[in-house]
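Every chain is numbered from 1 and lettered A, B, ... according to where its sequence line falls, protein lines coming before strand lines. FYI, side chains are in, hydrogens and waters are out, and symmetry mates aren't considered; it's all heavy atoms of this structure. Given the structure is predicted, the values throughout are model-derived calculations rather than measurements.
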Amino acid sequence: MPTSELIIILVFSTLLAEVLIAVLLFSIWRKVKKQQTEHLHLAQATTRELARVLQKAEKLDDQAIDLSTTLIEENQDQLQDIFSKQKHQLSENQQKIIDQLAEQTAQKMTHFQKNLDQISLELQMTLKKIITTQEKQALEASQTALKTVKAEWEQKQNQQLEELTKKTEIKIEEIAKQVLQLSLTPTQHHQFILTQLKKAWEEGLLNS
Amino acid sequence: MNKVDLISPLTQTLFTQAEKLWLEEIILQLSTQGQITDPNHAFANLPYQFALALKKSWTEYTTKNSQAKISLTAFLQTISDQLAKTNISQLTLAYQPSETQARELCLWLRQHLYDQQLILKLIIKPEILLGGILEYQGKRYDLRGIN
């Protein structure tokens with residue numbers, strides 16, 4: 001076989017191999033591209049589904065809030081009614097108890113006052129019986145003795161009062177003298193104490 | 001060590017407890033200043049009468065104790081000790097006496113009570129109105145007679 005034919009065969013075979021490789025690469029690229037597209041579609045579908053679910057959840061949440069608010073308002077009204085009724089009932093009961101107690105106390109007081117009047121009356125009757133003639137005489141005697149004692153006491157008091165008056169007068173005179181002496185000058189005071197010292201010494205009080 | 005009466009010269013210039021306390025304090029201060037040797041220097045800042053009395057006492061002290069070595073600090077300490085033992089008589093007065101009057105009262109009492117070292121503690125109480133109350137050696141003499 002000539003060389004030129006060999007070269008032509010070699011060139012054609014090389015071109016054929018390149019075409020085959022190109023076809024193979026193109027088929028692989030298409031397959032990969034197809035898979036990517038599928039994945040993209042799947043992701044978009046999932047996102048949309050998730051958005052729908054979230055929206056639904058928000059709606060449910062709003063409904064739940066509305067429902068609970070309504071329930072609370074209804075129950076609050078009911079509770080306030082119940083509380084008011086109970087309060088009213090309690091006030092009525094308290095007032096009833098107070099009225100009953102007041103009535104009972106008044107009854108007891110009346111009963112007690114009656115008993116007291118009865119006892120007082122009986123006591124007065126008994127006292128009238130006890131005071132006899134002899135007791136009256138004894139009473140008169142004790143009154144006379146009391147008058148005597150009172151007269152003696154008054155006399156004694158008068159004497160004591162006179163003595164006290166005299167003493168007070170003397171004291172007043174002393175104080176008057178002291179007040180006069182208070183007006184002395186320091187020099188006069190000094191002379192006075194020197195005189196007193198001399199007097200005490202002469203009387204032997206200081207040279208013991 | 002010494003039986004010398006160091007106080008008598010001093011008491012000639014002391015009449016009241018206030019003066020005595022003041023002098024005691026000065027003497028104590030001097031005796032704690034360490035070694036003092038020159039009396040003229042040591043007593044230089046004292047009033048003339050006190051300084052003179054102290055010098056007189058110091059002279060007597062050194063004369064009587066000429067055999068022993070004498071320290072001026074020890075002398076001052078002895079003075080302080082003896083001064084602390086001085087008799088004090090308390091006199092309560094209705095008026096505030098002047099220094100001369102206080103001195104006169106103290107001298108009169110020293111002369112008539114035969115106690116030349118007597119010091120007077122003066123207390124002023126106007127509420128006793130007149131005269132005074134003397135307390136001496138545990139006895140109390142009321143001098144407020146009204147005549």
B:Gln12: partners by side-chain contact (heavy atoms from CB on, under 4.5 Å), with sequence neighbours left out: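 B:Gln12 satisfies side-chain contact (heavy atoms from CB on, under 4.5 Å) with no residue once adjacent residues are dropped.
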A:Gln78: side-chain contact (heavy atoms from CB on, under 4.5 Å) partners, not counting sequence neighbours: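 Residues passing side-chain contact (heavy atoms from CB on, under 4.5 Å) with A:Gln78: A:Asn75.
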Value rounded to 0.5 Å, distance of CG in B:Leu143 from OG1 in A:Thr195: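 Answer rounded to 0.5 Å: 10.5 Å.
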Over 12 foreign heavy atoms within 6.0 Å of [atom1], [X]:
{"X": "B:Lys55", "atom1": "NZ", "answer": "yes"}
{"X": "A:Gln157", "atom1": "CD", "answer": "yes"}
{"X": "A:Gln44", "atom1": "CD", "answer": "yes"}

Chain A contact via B:Glu104 - side chain, backbone, both or neither, heavy atoms under 4.5 Å: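 Only the side chain of B:Glu104 comes within 4.5 Å of chain A.
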B:Asp142 and A:Gln196: CA distance, side-chain angles, deciding distance, side-chain contact (heavy atoms from CB on, under 4.5 Å) verdict: CA-CA 9 Å; B:Asp142 197 335; A:Gln196 289 297 112; over 6 Å; no
Least distance between heavy atoms, A:Ile193 atom then B:Tyr95 atom: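 Looking at all heavy atoms of both residues, the closest pair is CG2-OH, 3.3 Å.
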Pair A:Leu197-B:His112, side-chain contact (heavy atoms from CB on, under 4.5 Å): steps then yes or no: CA-CA 10 Å; A:Leu197 278 171; B:His112 290 83; over 6 Å; no
side-chain contact (heavy atoms from CB on, under 4.5 Å) assessment of A:His189 paired with B:Leu93: CA-CA 9 Å; A:His189 269 287; B:Leu93 295 170; over 6 Å; no
